[in-house]
Chemist: 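One structure is given below, represented as structure tokens, and several questions about it will come after.
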Amino acid sequence: MKVDVLAELATTLEQRKTAAPDSSYVASLHAKGLNKILEKVGEESVETILAAKDAQASGDKKDVIYETADLWFHSLVMLSHLDLSPQDVLEELARRFNLSGLDEKANRTK
Ligand SMILES: N=c1c2ncn([C@@H]3O[C@H](COP(=O)(O)OP(=O)(O)OP(=O)(O)O)[C@@H](O)[C@H]3O)c2ncn1[C@@H]1O[C@H](COP(=O)(O)O)[C@@H](O)[C@H]1O
């Protein structure tokens with residue numbers, strides 16, 4: 001059975017927008033507001049960077065997966081707080097298929 005993890009998580013996150021903050025971590029983040037969610041995204045970004053640097057030195061990549069999951073999760077909460085979904089981001093990535101990052105940068109107008 002193939003599970004669409006992003007879609008399933010997005011559905012749960014939408015449900016948590018109306019849940020009681022004391023019953024759900026996600027609801028508690030929404031109740032605290034965007035600044036708290038962004039603080040968590042920043043914190044998890046730094047932890048991901050540190051885990052990647054440690055992995056390069058030690059060869060143990062387990063924490064990179066763990067911290068990246070935390071980062072993706074909190075980014076999804078941020079999107080949900082702004083009434084956006086993972087699908088919006090996936091569509092943007094799909095739009096970029098076969099568009100070289102170097103060509104795109106050279107053609108930027110801003
Ligand atoms: N994927 C996750 C997930 N990943 C990480 N986390 C939580 O994110 C938090 C981040 O870790 P930290 O160590 O930074 O947390 P902390 O120190 O308590 O945070 P602060 O008090 O410092 O803000 C922890 O509480 C983790 O349990 C998650 N919490 C929930 N989910 C998913 O979201 C769903 C809904 O969760 P609830 O809203 O709690 O029901 C769950 O069923 C899961 O599928």
Side-chain angles (χ1 to χ4, degrees):
M1 185 184 70
K2 188 170 168 289
V3 178
D4 187 335
V5 176
L6 280 182
E8 199 162 307
L9 185 51
T11 300
T12 303
L13 296 187
E14 277 312 297
Q15 290 165 351
R16 293 301 192 270
K17 284 169 95 170
T18 52
D22 60 357
S23 70
S24 149
Y25 174 68
V26 175
S28 76
L29 283 178
H30 287 304
K32 286 172 187 163
L34 182 62
N35 282 353
K36 177 64 185 179
I37 296 168
L38 297 180
E39 186 185 304
K40 294 303 294 180
V41 171
E43 201 178 295
E44 303 304 348
S45 300
V46 171
E47 286 171 9
T48 300
I49 290 167
L50 295 176
K53 290 298 288 181
D54 284 350
Q56 191 177 43
S58 70
D60 183 355
K61 300 176 188 173
K62 185 171 43 64
D63 284 353
V64 179
I65 295 169
Y66 187 91
E67 296 300 347
T68 303
D70 275 355
L71 175 58
W72 286 15
F73 166 71
H74 285 90
S75 298
L76 292 172
V77 176
M78 175 196 71
L79 291 174
S80 171
H81 195 81
L82 296 171
D83 294 324
L84 292 167
S85 75
Q87 191 57 34
D88 294 315
V89 179
L90 293 175
E91 283 170 16
E92 174 60 18
L93 288 172
R95 188 189 66 78
R96 297 178 191 179
F97 279 172
N98 300 317
L99 180 63
S100 155
L102 295 177
D103 291 343
E104 184 275 331
K105 196 166 182 176
N107 290 326
R108 274 184 200 171
T109 53
K110 58 177 183 181

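As the structure lists them, so they are numbered: ligands from 1, and atoms in each ligand from 1.
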Chemist: Please indicate whether Leu99 has more than 12 foreign heavy atoms, meaning atoms of other residues, nucleotides or ligands, lying under 6.0 Å from its CG.
Modeler: yes
Chemist: In the protein, which heavy atom is nearest to atom 5 (C) of ligand 1, and how far is it?
Modeler: Asp70 OD1, 3.4 Å
Chemist: Only heavy atoms of Arg16, strictly under 4.0 Å: list the atoms of ligand 1 that pass.
Modeler: 35 (C), 37 (P), 38 (O), 40 (O)
Chemist: Atom 18 (O) of ligand 1: protein heavy atom closer than 4.0 Å?
Modeler: no
Chemist: For atom 38 (O) of ligand 1, what's the nearest protein heavy atom and its distance?
Modeler: Ser24 OG, 2.5 Å
Chemist: Would a 4.0 Å cut-off, counted as strictly less than, catch a protein heavy atom around atom 27 (O) of ligand 1?
Modeler: no
Chemist: Counting only heavy atoms from other residues, nucleotides and ligands, does the tally under 6.0 Å from CD of Glu104 exceed 12?
Modeler: yes
Chemist: Mark up the atoms of ligand 1 that fall under 4.0 Å of a heavy atom belonging to Glu44, in ascending order.
Modeler: 10 (C), 14 (O)
Chemist: Which residue holds the protein heavy atom closest to atom 1 (N) of ligand 1, what is that atom called, and what is the gap in Å?
Modeler: Phe73 CD1, 3.3 Å
Chemist: Regarding Glu91 and Arg95, does a basic nitrogen lie under 4.0 Å from an acidic carboxylate oxygen?
Modeler: no
Chemist: Given the rule in the side-chain contact (heavy atoms from CB on, under 4.5 Å) test, do Asp88 and Leu79 qualify, once you have shown the distances and angles that lead to the verdict?
Modeler: CA-CA 9 Å; Asp88 294 315; Leu79 291 174; over 6 Å; no
Chemist: Please answer whether the main-chain N or O of His30 pairs with a side-chain N or O of Lys17 as donor and acceptor at a distance below 3.5 Å.
Modeler: no
Chemist: Is Leu38 linked to Val89 within one hydrophobic cluster, defined over Ile, Leu, Val, Met, Phe, Trp and Tyr using a side-chain heavy-atom separation of less than 4.5 Å?
Modeler: yes
Chemist: Should Leu82 and Ile37 be counted in the same cluster of Ile, Leu, Val, Met, Phe, Trp and Tyr side chains packed under 4.5 Å apart?
Modeler: yes
Chemist: May I ask whether Val26 and Leu34 are part of the same hydrophobic cluster, defined by side-chain heavy atoms of I, L, V, M, F, W, Y residues being less than 4.5 angstrom apart, directly or through others?
Modeler: yes
Chemist: Considering only the protein, which heavy-atom contact is closest to atom 7 (C) of ligand 1, and what is its distance?
Modeler: Tyr25 CE2, 3.6 Å
Chemist: In the protein, what heavy atom is nearest to atom 20 (P) of ligand 1, and what distance, to one decimal place, separates them?
Modeler: Lys40 NZ, 3.5 Å
Chemist: How far is atom 21 (O) of ligand 1 from its nearest protein heavy atom, and which residue and atom is that?
Modeler: Lys36 NZ, 4.8 Å
Chemist: Nearest to atom 43 (C) of ligand 1, what protein heavy atom do you find, and at what distance?
Modeler: Leu9 CD1, 4.4 Å
Chemist: Do any N or O atoms from the side chain of Thr12 and from the backbone of Glu8 form a donor-acceptor pair under 3.5 angstrom?
Modeler: yes
Chemist: Nearest protein heavy atom to atom 35 (C) of ligand 1: under 4.0 Å?
Modeler: yes
Chemist: Could you tell me whether a side-chain N or O of His81 sits under 3.5 Å from a main-chain N or O of Val77, the two making a donor and an acceptor?
Modeler: no
Chemist: Would the distance check show the side chain of Ser80 and the main-chain N or O of Leu76 forming a donor-acceptor pair, the cut-off being under 3.5 Å?
Modeler: no
Chemist: With respect to Val26, determine whether any N or O atom, backbone or side chain, lies less than 3.5 Å from an N or O atom of ligand 1.
Modeler: yes
Chemist: Taking a cutoff of less than 4.0 Å between a non-hydrogen atom of the residue and any ligand atom, is His74 in contact with ligand 1?
Modeler: yes
Chemist: Just need the protein heavy atom nearest to atom 41 (C) of ligand 1, so name the residue and atom and give the distance.
Modeler: Thr12 CG2, 4.9 Å
Chemist: Which ligand 1 atoms are under 4.0 Å away from a heavy-atom of Glu43?
Modeler: 14 (O)
Chemist: Please indicate, with yes or no, if any protein heavy atom is found under 4.0 Å from atom 13 (O) of ligand 1?
Modeler: no
